[in-house]
Amino acid sequence: MSLADLTRNAVHVLPEGGLEAKLALGRPLRVKLGIDVTSPDIHVGRGIPLQRMRAFQDEGHIGVLIIGDYTTRIGDPSGRSSERPILSDEEIERNAQTYVEQASRILLAERTEIRFNSEWLAGLSFADVIRLTRIMTVAQMLERDDFAARYAGGQPISISELLYPLMQAYDSVAVRADVELGGTDQLYNLLAGREVMEAYGLEPQVVLTTPLLVSWDGEKMSSSLGNNIPLTAPPEEQFGRTMRISDDLLPEWYRLLREVELPPDADPLEAKLALARWIVARSHGEEAARAAEEHFTRVVREGRAPDEVPDKPLPESEVVHVPAVIADAFGLSTSEARRLVAQGAVRVDDAVVTDLDVPRRELAGRVLRAGKRRFVRLVEEPEGRR
RNA sequence: GCAGGGAUUCCCGAGUGGCCAAAGGGGGCGGGCUGUAAACCCGCUGGCUCAGCCUUCGGAGGUUCGAAUCCUCCUCCCUGCACCA
């Protein structure tokens, strides 16, 4: 029974029988999951392996969360056609710090061990690195799909990128992992971990992969594509983004995220709303989920202004140049703002604005709206002044 | 090292002296429609208080009345050859 929980939704559990053997050891297993810090967000898709880690924790095992602060300096090329940008130390540091908090929305804190891989990677000597590189061959590396594709397509592959799987594999050595979790795109790296562990005289880890979550655009969820739902995004944002998925993604999302089957006769709208509530509630609690749904109903379904609209002081002049106000209030260029006006997307208290210049008295105290989701209340008094 | 090819607006990708703020697609934004921030249809998509002006086509110079387009140098990428104790 517990084995089924541990491997729910798993795509690969390798080698065959390996997990059973590990469990038979009768001690808490060390279950590793490495995460890169290239982006400041962990999204719900990346939360899937975290959910697996949680399942292990619920059975008394230890989750070892590895923050790839050092590996990020190289950039994992998995599934990418080009090298990731190298982040500055400050950015890496800033991202890493928020990860623990984000992951805690899913993990059991008391059974989580958090490690930064700079802890051991930074101290390796050149000779140590050479020893590591001897374990695998170029041909083995080029077997990896994305490397193979890039090589065949004449795309550049830097030597440092080839080192990535080895570094990640060495993490497994350093933390003595029993099991390593990851998305299916990580299969190669996880298996490399087995090989490297063996070369260092350790019992190789068991590899468990989970499916990649397909987002509303049909692509795998990814922070760099912008089709993601971050675990720490504001409630309304999480809710709205969830509502973007098409109905036929619902069964998959139910299975992978909620870990239940969507009843075949379920009403799509109700099911999607329930899913959105669940996602928000996991991150922010029931109350926030309720508020997010209310916001969605009001703003998106009914097209009305939300309860809380931020204030925006009007400029001093008698006649107000609307594009300038829009640009300033919503962080757009005045050209973009002009286009919005030209397209009839700008309203003041539900009346469509057609003039670029409007007398100040017709604006004061009213709600300015640009498009469906941008609202601001125009006020007389500049903030912080009296 | 040698020889070719390449770098275009957020991305991909046309454009090879004026008709170019630059085709087309993607993405994004907006409007319509909708249970939906889905799908679909239509429009917009460098900046600027905008019938005009200003700044873009890897970088720096140059030719020309006029350059993304021609020339020189530089940077980066790709391919082939050479190298391979």
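So that the names make sense, note that chain A is the first sequence line, chain B the second, and so on, each numbered from 1.
- No more than 12 heavy atoms of other residues, nucleotides or ligands lie within 6.0 Å of CZ in A/Arg176, so this atom counts as exposed by the packing criterion.
- Using N1 to N3 plus N6-O4 or O6-N4 for Watson-Crick, or N1-O2 and O6-N3 for G-U wobble, each under 3.5 Å, B/G1 pairs with B/C81.
- Counting distance only, with no hydrogens placed and no angle test, the side-chain atoms of A/Gln343 and the base atoms of B/G43 include a donor-acceptor pair under 3.5 Å.
- If you take CG of A/Leu332 and P of B/G46, they are 14 Å apart, rounded to a whole angstrom.
- Between B/A38, B/G31, B/U45, one nucleotide has an atom nearer to the side chain of A/Arg339 than all others, and that is B/U45.
- Closest contact between the side chain of A/Ser246 and the listed nucleotides B/A38, B/U36, B/U49 involves B/A38.
- In a base pair of the Watson-Crick type (N1 to N3 plus N6-O4 or O6-N4) or a G-U wobble (N1-O2 and O6-N3), with each distance short of 3.5 Å, B/G43 is matched with B/C29.
- If you check every strand for non-hydrogen atoms under 4.0 Å, A/Arg301 touches sugar and phosphate atoms only.
- Using a 4.5 Å cut-off between side-chain heavy atoms of Ile, Leu, Val, Met, Phe, Trp and Tyr, with links allowed through other members, A/Leu181 and A/Ile67 fall into the same hydrophobic cluster.
- The nucleotide B/G18 finds its pairing partner in B/C65, both defining distances of the Watson-Crick or G-U wobble pair being shorter than 3.5 Å.
- Taking atom P in both B/A38 and B/G31, the straight-line distance is 12 Å, to the nearest Å.
- One interatomic measurement links the two molecules: CD of A/Glu293 to C1' of B/G35, which rounds to 12 Å at whole-angstrom precision.
- Comparing the same atom, P, in B/A37 and in B/G25 gives a spacing of 25 Å after rounding to whole Å.
- Side-chain contact check for A/Gln186 and A/Asn189: at least one donor-acceptor pair (N or O, by modelled atom type) lies under 3.5 Å.
- Defined by atom type and a distance below 3.5 Å, a donor-acceptor pair is missing between the side-chain atoms of A/Ser215 and A/Lys220.
- With RNA chain B read from its 5' end, the first of the two nearest nucleotides for A/Ala324 and A/Leu269 is the one closest to A/Leu269.
- Look at CD on A/Glu302: it is 15 Å from C1' on B/U34, rounded to the nearest Å.
- Between A/Glu336 atom CD and B/G47 atom P the separation is 6 Å, expressed in whole Å.
- Heavy atoms of A/Asp267 sit nowhere under 4.0 angstrom from any nucleic acid atom.
- Going from the P atom of B/U56 to that of B/U9 covers 14 Å, rounded to whole Å.
- Comparing B/A37, B/G47, B/G31 against the side chain of A/Ala345 picks out B/G31 as the nearest.
- Out of B/A37, B/U49, B/C48, the shortest distance to the side chain of A/Glu237 is found at B/A37.
- For the pair A/Lys272 NZ and B/U36 P, the computed distance is 11 Å after rounding to whole Å.
- Rounded to whole Å, atom C1' of B/G35 lies 19 Å from atom CZ of A/Arg298.
- Listed nucleotides B/G32, B/C29, B/A37 differ in distance to A/Val300; the shortest reach to its side chain belongs to B/A37.
- Residue A/Gly371 is in sugar-phosphate contact alone, with no base atom involved, counting any heavy-atom pair closer than 4.0 Å across all strands shown.
- The gap from the P atom of B/C19 to that of B/A67 amounts to 11 Å, rounded to the nearest Å.
- Across B/C57 and B/U8, the matching C1' atoms stand 4 Å from one another, rounded to whole Å.
- Residue-to-nucleotide contacts include a donor-acceptor pair under 3.5 Å from the side chain of A/Asp247 to the base of B/G35.
- The partner of B/U75 is B/A7, by the rule that a Watson-Crick or G-U pair needs both atom distances under 3.5 Å.
- Within 4.0 Å (heavy atoms only), A/Phe239 reaches no atom of the nucleic acid at all.
- The residue A/Gln238 sits apart from the nucleic acid: no heavy atom pair falls under 4.0 Å.
- Backbone-only engagement by A/Leu340 is indicated by non-hydrogen atom pairs under 4.0 Å involving sugar-phosphate atoms exclusively.
- Going from atom CZ of A/Arg244 over to atom P of B/A39 covers 8 Å, rounded to whole Å.
- When the C1' atom is used for both B/U69 and B/C20, the distance is 11 Å, rounded to whole Å.
- Comparing the C1' positions of B/G5 and B/G58 gives a spacing of 16 Å, expressed to the nearest Å.
- For A/Arg241 and A/Arg338, each mapped to the nucleotide of RNA chain B holding its nearest heavy atom, the one lying further toward the 5' end belongs to A/Arg241.
- Separation of the P atoms belonging to B/C2 and B/G18 is 35 Å when rounded to the nearest angstrom.
- As judged by a 4.0 angstrom heavy-atom cut-off over every strand, A/Ser335 is placed among the base-contacting residues.
- Partner of A/Arg30 under the salt bridge (charged side-chain N to carboxylate O under 4.0 Å, His left out) criterion, chosen from A/Glu180, A/Glu113, A/Glu203: A/Glu113.
- With a 4.5 Å cut-off on side-chain heavy atoms, A/Leu257 and A/Gln51 count as touching.
- Distance A/Arg374 CZ to B/C29 P: 8 Å, rounded to the nearest Å.
- Dense packing is recorded around CD of A/Glu302, with more than 12 heavy atoms of other residues, nucleotides or ligands lying under 6.0 Å away.
- Using Watson-Crick or G-U wobble geometry with both donor-acceptor distances under 3.5 Å, B/A37 finds no partner in any strand shown.
- Between A/Tyr200 and A/Tyr170, the ring planes lie perpendicular to each other; the angle is over 60°, past the 30° to 60° tilted range.
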